Amino acid sequence: MEKDKRFNELPSEPETVNEETVLEETAEEESLADRVKVMSPGRLVLKRFFRSKLSVVGLTMLLALFLFSFVGPFFSPFGETQNAGASKWVTSKIPHDMVTTDKDENGNNITYHLLEVSDPYQVSSKTKPDSKNWLGTDQYGYDILTRLMYGGRVSLSLSFIVIFAEMLLGTVIGSISGYFGGWVDQIIMRIVDIFNCLPGLPILLLAASLLDGWGIPPRQKIYWLMLILTVFGWSGIARLVRGQILSLREQEYMIAAEATGISVRHKIFRHLIPNVMPQLIVQATLGLGGIILYEATLSYLGLGIPFPYAAWGTMINSTSGASGRDILQNYPNLWVPAGILIVMAVLGFNFVGDGLRDAFDPKMKR
Amino acid sequence: MAQAKKDSHYISAKESRRIAAENRKITRAFEKKKARRNVNESEYLTKMADDGNIVEFDNLHTYFYTDVGTVKAVDGITFSIPEGSIVGVVGESGCGKSVTSLSLMQLVQGPAGQIASGSIRFKASDGKVYDVAKMPTAAMNKIRGKEMAMIFQEPMTSLNPVFKIGQQLDEVMLLHTPGATKEQAKARSIEMLGLVGISDGERIYNQFPHELSGGMRQRVMIAMALECNPRLIVADEPTTALDVTIQAQILDLLRDIKTKINGSIMLITHDLGVIAEMADYVVVMYAGRVIEQGTAKEIFDHPMHPYTIGLQKSKPMVNQSVERLYSIPGAVPNPVDLPNYCYFRDRCDRRCPACNGDYPEIRTVAGTHRVACHLYEPEDKGGAK
Amino acid sequence: MSEFDYGLPFVEEPDDIIVLKHLTKHFPIKTNLFGKVLVSVKAVNDVSIKVKKGTTLGVVGESGCGKTTMGRTMLRLYDVTSGEIIYKGLDLSRLSTQELRKLLPKEEKFAALRANGGREELLEALAVTGVNINDVPRSAMRKLRPDLQIIFQDPYSSLSPRLTIGSIISEAVEEHHIVPKNEVREYVLKIMKECGLQPYYYDRYPHEFSGGQRQRICIARALALNPKIVICDEPVSALDVSIQAQIINLLKDLQEQRGITYVFISHDLSVVKHISTDVAVMYLGSLMEKAPTDAIFDKPLHPYTKALLSAVPVPDPNVKMNRIILEGDIPSPANPPAGCKFHTRCRECMEVCKSVEPNLVEYEPEHFVACHLYQKETNDVPQTPTEKNG
């Protein structure tokens, strides 16, 4: 009773007090807060990213690669599967015997030994670098520099599409697993485990030869390759997302979201996913290098992008044919550049990924 | 208007680059100086101003060279710790009290954080007086942990979870006492555990940190600090993470320890209650400067600086009732690019015309009581009182 | 005795807004293969409290005493193990008639109403009986959330770092259609002003603000939903003294203007004393003492409350407190001592304390205490305190 009375008495006086103090307090805060400049969140990340020399090197490498692959072909006089003109006119001479009905002195039929000379025709051949073909041509007469550009297009766009698909799949499955927990989590995580313990390369080889067996046209093979790479790559991302979400779920702002009655959809898409994004981007960048390697490996083994389309792996594959030894020893211009580009791409993505990880990590000192 | 405000709120890329380049130059010079080896002792040996003190901070400046500008975390503080006393440093977060203690231990996080100028004189047990601000790291390592030890706020994170308590205690002893055997170290560790009120030291010696409660861990931290008979214990918020009943135990223990080892304690806390209970001398800091200092009695019975007064009024007390708490408006200023006038001016309710002038110097008002406020300046200097 | 009394130490009154009846919350930490709980943390044990509308219940206790768990269970962020959490005066109009039916107490006299009561009748009946928050179907719980809000201790982790202040506050406002969509921004700005935030903060991110301002943002977020009850879980513990005072004053002002009921959880007795009308002292998940603030601070009964009060440092070097220093640590809530939870550290421990858990009794009017020293109704002759050994 007594307490109630106290409450009833209060409102008249303190309300005025409150009005004043609030106004006064905020007026003060305004001047203090604006005295100091701070960095916007984006600039903070960028600054930390550019502080590391390695990540700048990585970024430069990647930029160069992209320009080379996507802009380069416009400046090249040659096409992907166009004879670069590094050929010579040859005639073939086919010897054969012609038996006639004429008789010689012994009464035997006369045989003429003839040498048939064909019309002159063009033959492609591998050449060393010269002023026309800066990196020479391959055994089919295609310009290597041009094919490197087209190969880069395939490798880079394939890896981007694959990583995007992996991220999409992994994020959705991972966030469902992490958010709902319980038996949903159990089932999804066991599936992830299964995908994780499948040996990647053998299965890819198997799948690739299956594609061959089913008679998939070469042009479509690249899409199948993307699909397969995605199917075997999402599990890592799902696991990462799930772990992040499990820890984010315990954050107080998630409890606050629950307490304010925000819908599940908003909780996942406005609160959880944006906070997982940094780690996802890092993981994706690091993953890009891996996919480029996979693609190159498969192409090298003849299971990826088939000839006549260019891919870096396919180009290295030229060392394995009948004339492989010759190419390996005498024509490094056929396979070394592709190898260098693969290394550059993978290194570049790793450097940038590392740089991003450090930049996003708020605990990083300076 | 809101738009203009928003833009000026963020630092530009160009500005940021310039600051970063400058900072690199400055911090590199500092780091190089600290990393030198075989430095002649005479370079950092000095004399105490008053022989009764164990530590003297003299116009100490500790700066953090950050990318948004130089943060003057400690901006010219002067005070001393008399031998055998407890000096409490009190202030709100960001006032520089922790940086002061870290400067004394030379533990300021480099390369951004550096002691820019001033000196910290420390009298070691052999009578030598070191200037910590000038000491290279190698020399500092010899006295840190041995002559002066530190107790941190978080007992949960300041012990290494993968080593047993005993190993961590022994390590301190073995590190600083050449020729000590493992047996001696163990005996010493168990003795120290007993000293901090852990009766079954033998058992605790073989346990891992996670098996202990927060209060026990803080006791272990104190035992570790005592391992080498330090002359000075720096306690940085030693009870902030603990419950009230455990806090009472630990404060009791600290007082007890001080008399047992006959040392001094520099107690850093934001809790006026803890300070009132423990400290002989009190130093009140605000935005990197000392604004008031004196004996506990002087500070609590006759606070003079409006900030100290406000701080005391804004804390609710268990033995008093007020209808509405006094609250100091606004917030602690960000210590980048501070103005030249009194840092408290904008929050002060006793502002006077003199406050628009330069930052007030700290001056003695009575006995050991010193205050930095224009209100208490002598008449001839234009003070308002 | 009213019909709602299930051996409660108090009688419910019409102006009670919160009534906790034997609230118990255990967290399983070890289960066997078949999901049977082997070991559990007994975070909250048989707590019965009532809170009057427009008042503040302070809940004090040390770490591990279950105060935070109790707060979160009251918001149904956790499900109870047993017991009831009854709220009166919640805005039930958002619920469907079907959902309202499910909320009626499972008593004989409501059977007819449940079967074929109209919406108005149901609302009327529920206004009297109150709603047990644990009967609310999960899907409907979201609709009741605006009335029950929470403010957290850590202003740093309670704001999503990737949303602007404006969207943090407006999110739930839009979700619950508190105001029409085109008025949301205006409404949020009004609330922000009320909480002492500048309008141009609307588009800024949390990391640009200090702890005090972040706490204001948290308060604005809760306030924007027009809550009836706000659980303040250590809202000022992470703040500096001068900022603490600002936030406490803000909370008090808002209570006076809007008649909000607070449950103020804190370990800081001085803050609790300042803001609360009633104080509940908890130890290891059990309620030790509950009384109006003045009664508990002037005349604490329970030995634990006495020790707790004496341990608070007073910022005055002239006051030499007659300090009771408790020995030892708080036992683990997974394995609490038998009998009275406090007997291991109690100075006045008696034999009976080691085996029998004391009941909460109303020792003086409105002053409840759970201690064998004050068990009036027991027939046993009061035993003499025995020296605690060890």
Side-chain angles (χ1 to χ4, degrees), chain B residues 1-3 5-6 9 91-95 212-216 239 241-249 251-252 270-279 282 295-297 299-301 307 310-322 324-332 334 347, chain C residues 60-65 198-200 202-204 208 210-213 238-250 252-253 267-275 293-294 297 304 307-321 323-330 332 345:
Chain B
M1 181 180 137
Q3 192 55 41
K5 231 169 216 159
K6 200 180 158 196
H9 182 60
E92 296 183 287
S93 53
C95 74
L212 305 180
S213 67
M216 281 298 246
T239 57
L242 304 176
D243 284 315
V244 235
T245 57
I246 311 294
Q247 164 170 300
Q249 293 174 0
L251 292 182
D252 217 38
H270 68 277
D271 191 332
L272 288 168
V274 172
I275 287 281
E277 197 151 297
M278 298 285 293
V282 180
T295 61
K297 249 185 152 24
I299 297 287
F300 284 96
D301 291 354
Y307 175 68
L311 213 54
Q312 287 182 26
K313 274 203 287 184
S314 60
K315 173 132 177 87
M317 289 204 257
V318 279
N319 54 355
Q320 273 175 27
S321 289
V322 280
R324 192 185 169 82
L325 281 179
Y326 174 81
S327 75
I328 305 174
V332 180
N334 192 321
R347 302 177 74 191
Chain C
V60 285
E62 298 176 277
S63 54
C65 76
Q198 293 293 321
Y200 59 87
Y202 195 91
D203 292 313
R204 290 198 185 164
E208 297 168 34
S210 65
Q213 281 169 320
L239 306 178
D240 280 319
V241 184
S242 69
I243 311 297
Q244 259 184 20
Q246 292 175 5
I247 298 292
I248 292 173
N249 285 344
L250 176 65
K252 282 194 109 175
D253 293 339
H267 68 273
D268 190 336
L269 285 150
S270 44
V271 170
V272 165
K273 176 180 184 186
H274 183 77
I275 199 162
T293 307
D294 293 338
F297 282 87
Y304 176 63
L308 206 58
L309 277 175
S310 82
V312 180
V314 176
D316 186 347
N318 303 314
V319 178
K320 282 286 166 247
M321 294 284 288
R323 175 146 300 161
I324 307 167
I325 290 188
L326 290 179
E327 299 283 321
D329 284 317
I330 306 166
S332 153
R345 299 171 78 195

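Side chains are part of it too, since the values below use all heavy atoms of this structure and drop only hydrogens, waters and symmetry mates. Below, read A as the first sequence line, B as the second, and so on, with proteins coming before strands; counting in each chain starts at 1. Small disclaimer: the values here were computed from a predicted structure and weren't measured.
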| Taking every heavy-atom pair that is under 4.5 Å apart, which of C:Leu269, C:Asn318, C:Ile243, C:Leu308 has the most such pairs with chain B? | C:Asn318
| note | Output for pair (C:Leu239 CG, B:His270 NE2), nearest 0.5 Å, gives 10.0 Å
| request: Give, as side chain, backbone, both or neither, the part of B:Ile246 having an atom under 4.5 angstrom from any heavy atom of chain C. | output: both
| request: Kindly write out the residues that satisfy side chain to side chain contact (heavy atoms under 4.5 Å, CB included) with C:Ala238, not counting sequence neighbours, or none if the list is empty. | output: C:Pro155
| query | For C:Val271, which residues count as a side chain to side chain contact (heavy atoms under 4.5 Å, CB included) partner, sequence neighbours excluded? | reply | B:Pro316, C:Val236, C:Gln244, C:Ile248, C:Phe264, C:Asp268
| C:Leu326 versus chain B, heavy atoms under 4.5 Å apart: side chain, backbone, both or neither? | both
| task | Report yes if the side chains of C:Pro315 and B:Gln312 come closer than 4.5 Å at any heavy-atom pair, otherwise no. | result | no
| said: Quick one: does any side-chain atom of C:Gln246 pair with a main-chain N or O of B:Gly330 as donor and acceptor, under 3.5 Å? | reply: yes
| query | Does any N or O in the side chain of C:Asp316 come within less than 3.5 Å of the main-chain N or O of B:Phe300, such that one atom is a donor and the other an acceptor? | reply | no
| remark: Max heavy-atom pairs within cutoff under 4.5 Å with chain C, candidates B:Ser93, B:Gly214, B:Gly310, goes to B:Ser93
| Heavy-atom closest pair, residues B:Ser314 and C:Ser242 | OG-CA, 4.0 Å
| remark: Minimal heavy-atom distance between B:Val244 and C:Glu62, with the atoms involved, is N-OE2, 4.1 Å
| query | Do the side chains of B:Thr245 and C:Arg345 get nearer than 4.5 Å, heavy atoms only? | reply | yes
| said: Minimum heavy-atom separation for C:His274 and B:Val322, please, with both atom names. | reply: CE1-O, 3.2 Å
| task | Please tell me if the side chains of C:His267 and B:Leu242 come closer than 4.5 Å, counting only heavy atoms from C-beta onward. | result | no
| remark: Closest heavy-atom pair, C:Val241 versus B:Leu311, reported as atoms and distance to 0.1 Å, is CG1-O, 4.0 Å
| field | Pick from C:Ser332, C:Pro313, C:Pro199 with the largest number of heavy-atom pairs that fall under 4.5 Å of chain B | value | C:Pro313
| message | Please classify the contact between B:Tyr326 and chain C as side chain, backbone, both or neither, with a heavy-atom cut-off of under 4.5 Å. | response | backbone
